[in-house]
Participant: 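Quick one: structure below, then a few questions.
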Amino acid sequence: MSEPNADIIVVGAGLAGLVAAAEAADAGKRVLLLDQEGEQNLGGQAFWSFGGLFLVDSPEQRRLGIRDSRELALSDWMTTAGFDRPEDHWPRQWAQAYVDFAAGEKRSWLAAQGLKLFPVVGWAERGGQGALGPGNSVPRFHITWGTGPGVVEPFERRVRAHLLSGRIRAHFRHRVRELVFDGPAVAGVRGDVLEPSAVARGEASSRVVVGDFDLRAGAVVVTSGGIGGNHDLVRRNWPRERLGEPPAFMVAGVPAHVDGQLQQTVHAQGANLINPDRMWHYTEGLRNWNPIWQGHGIRVLPGPSSLWLSPTGERLPYPHAPGFDTLGTLTHITTRGWPYTWFVLNRAVIKKEFTLSGSEQNLDLTGRDIRATLGRVGSRVSPSVQAFMDKGEDFVVRDTLDELLRGMADLTGDGLLDPEQVRREIHARDAALANPFGKDPQITALRGARAYLGDRLVRVAKPGPLLDPQSGPLIAVKLNILTRKTLGGLETDLSARVLGQGGQPIPGLYAAGEVAGFGGGGLHGYRALEGTFLGGCLFSGRIAGRAAAGAV
């Protein structure tokens with residue numbers, strides 16, 4: 001066997017990889033950090049994120065009067081996950097451990113590294129199916145001050161310090177093609193050296209091979225991410241028995257290099273890959289008017305007031321309201337074969353309730369600009385949302401309902417829209433607001449949401465008629481399915497060791513982040529409570545880095 005080039009090789013320089021590398025180097029180990037992309041992509045998909053973190057019983061929650069607990073959060077998690085398979089053994093264990101982390105050390109560990117939080121806690125995945133149904137019972141979505149880059153920053157800083165000391169060496173443009181074994185144990189990796197590429201972060205880089213490599217180490221940690229940029233693989237894994245046929249058109253929430261190829265390779269070399277049919281795709285995807293990667297989609301993080309309509313103009317039944325149950329609404333849409341859906345709202349609603357996911361769509365928070373952030377409670381639509389209203393091809397903005405209906409029909413050109421049905425839905429919704437009582441559950445829910453100070457301040461518009469001319473213009477938004485997260489993955493035990501035949505650990509092989517379903521091969525089960533993806537990378541990366549360091 002060749003002499004080792006390092007104690008530990010970490011494959012993937014996204015958030016989980018940065019955490020694993022930093023933790024291993026802190027433990028005194030020599031680390032090689034490899035990534036197929038250039039250094040400009042350090043931090044991976046976490047950089048593009050809104051920076052949401054799932055925390056339990058935090059000071060931010062308590063200041064807002066939110067009563068949370070580890071027991072309530074675990075109950076919500078398990079109900080939402082819906083674990084129902086024999087292979088969910090380790091995902092269950094990871095879920096319990098992660099909730100303990102989120103209710104315990106997570107916040108103080110991050111704060112000690114300089115991470116700060118926005119004071120208003122968001123309420124994602126509200127559920128709507130009763131106390132025993134899926135969803136967050138209370139707000140738990142903590143936004144990082146600095147969004148995704150603010151989450152990446154502490155770990156990039158730690159890694160760069162180790163790069164200067166020589167404890168970590170980074171090899172970018174190194175695409176791993178296979179694991180190297182020494183008997184039953186993983187002893188390194190082989191792959192291609194790609195030509196240098198100076199494209200901007202997220203843009204498609206060259207795939208021209210200029211060499212190869214063969215690197216050895218005492219342990220390999222795979223943190224290569226998910227499959228959301230590979231729509232062929234998404235469609236291959238699509239659970240048709242649950243969700244119907246995959247949509248013919250989807251927008252991509254991640255770049256094309258998030259392709260799942262290394263996950264497939266590691267599986268072919270003996271690792272267990274479980275729950276590949278569990279994926280987290282969003283129903284509120286927009287075609288980006290200013291795309292960075294091919295098919296670039298942006299997700300709307302909606303408040304609860306918009307009227308959600310089918311392609312023909314029928315209102316989606318409750319609880320398929322904005323922000324309540326992503327998987328339930330996705331199932332409702334895709335099992336009916338709908339190519340898109342509509343939000344109908346007005347300026348008053350979009351100003352208060354439309355947040356676009358992504359660090360680049362929230363420059364006030366990303367840039368830590370207090371004055372600009374305070375503008376969110378003012379009278380103007382955010383610059384990013386206004387840009388989509390002005391330039392986005394999925395937006396119809398008109399002064400009258402007649403004009404709006406014509407614009408909706410013209411945008412799709414498929415003849416599906418029934419204008420009279422849309423009129424009936426809007427007038428019925430507006431009429432229901434005239435009475436403080438009523439049978440419309442969405443209106444009841446949005447009135448209830450405003451009882452929470454955080455929603456009333458920055459998230460939920462004061463209930464009012466869509467057709468109120470003082471709240472105009474009217475807006476229709478065509479929504480596409482957007483691919484994003486991989487909930488299944490490489491099966492790992494609670495030490496992040498990858499499991500193989502018979503459920504036994506493969507010596508020398510670890511995995512963390514999305515490639516491992518954020519831990520265990522799918523700690524979210526079928527559904528996510530949101531704010532749990534970055535946290536899953538942090539938690540599993542920390543465990544993998546420490547465990548690998550302790551083993552070599």
Participant: side-chain contact (heavy atoms from CB on, under 4.5 Å) with Thr412: which residues, sequence neighbours excluded?
Facilitator: Tyr340, Trp342, Asp414, Lys478

Participant: For side-chain contact (heavy atoms from CB on, under 4.5 Å), just list the numbers for Val349 and Phe354, CA-CA rounded to whole Å, side-chain angles, deciding distance to a tenth of an Å, and then say yes or no.
Facilitator: CA-CA 8 Å; Val349 172; Phe354 258 44; 5.8 Å; no

Participant: Taking only residues two or more places apart in sequence or in another chain, which ones pass side-chain contact (heavy atoms from CB on, under 4.5 Å) with Thr492?
Facilitator: Trp94, Val498, Ala511, Ala516

Participant: Can a donor-acceptor pair be found, under 3.5 Å and without considering hydrogens, that links the side chain of Trp77 to the backbone of Ala528?
Facilitator: no

Participant: Show every donor-acceptor pair shorter than 3.5 Å between a side-chain atom in residues 459-467 and any protein atom, with sequence neighbours excluded, or say none if there are none.
Facilitator:
residue: Arg459; atom: NH1; partner: Leu301; partner atom: O; Å: 3.4
residue: Arg459; atom: NH1; partner: Glu353; partner atom: O; Å: 2.8
residue: Arg459; atom: NH2; partner: Leu301; partner atom: O; Å: 2.4
residue: Arg459; atom: NH2; partner: Pro302; partner atom: O; Å: 3.4

Participant: For Asp440, which residues count as a salt bridge (Lys or Arg N to Asp or Glu O under 4.0 Å) partner, sequence neighbours excluded?
Facilitator: Arg315

Participant: Any luck finding a side-chain donor-acceptor pair between Glu530 and Trp280 under 3.5 Å?
Facilitator: yes

Participant: For residues Lys106 and Tyr98, determine if any side-chain heavy atom of one lies less than 4.5 Å from a side-chain heavy atom of the other.
Facilitator: yes

Participant: Apply salt bridge (Lys or Arg N to Asp or Glu O under 4.0 Å) to Arg406 and list each qualifying residue two or more places apart in sequence or on a separate chain.
Facilitator: none

Participant: Give me the one residue out of Leu307, Val477, Leu474 that meets side chain to side chain contact (heavy atoms under 4.5 Å, CB included) with Leu345.
Facilitator: Val477

Participant: Taking salt bridge (Lys or Arg N to Asp or Glu O under 4.0 Å) as the definition, give me every residue that meets it alongside Arg447, ordered by chain and number, with sequence neighbours left out.
Facilitator: none

Participant: Would you sort out whether Arg368 and Glu153 count as a salt bridge (Lys or Arg N to Asp or Glu O under 4.0 Å), showing the intermediate values?
Facilitator: CA-CA 13 Å; Arg368 302 177 173 96; Glu153 190 177 85; 3.4 Å; yes

Participant: Okay, side chain of Arg140, backbone of Gln61: is any donor-acceptor separation there less than 3.5 Å?
Facilitator: no

Participant: Below 4.0 angstrom, N of the basic side chain to O of the carboxylate: do Asp84 and Arg278 qualify?
Facilitator: yes

Participant: For Leu374, is the CG atom crowded, meaning more than 12 foreign heavy atoms sit under 6.0 Å from it?
Facilitator: yes

Participant: Between Asp277 and Arg85, is the closest basic N to carboxylate O distance under 4.0 Å?
Facilitator: yes

Participant: Please walk me through it: do Lys352 and Asp455 pass salt bridge (Lys or Arg N to Asp or Glu O under 4.0 Å)?
Facilitator: CA-CA 10 Å; Lys352 191 91 171 220; Asp455 275 352; over 6 Å; no

Participant: Could you point out which residue of Trp338, Tyr318, Trp308, Phe324 forms a ring-ring contact (aromatic ring centres under 6.0 Å, His included) with His332?
Facilitator: Trp338

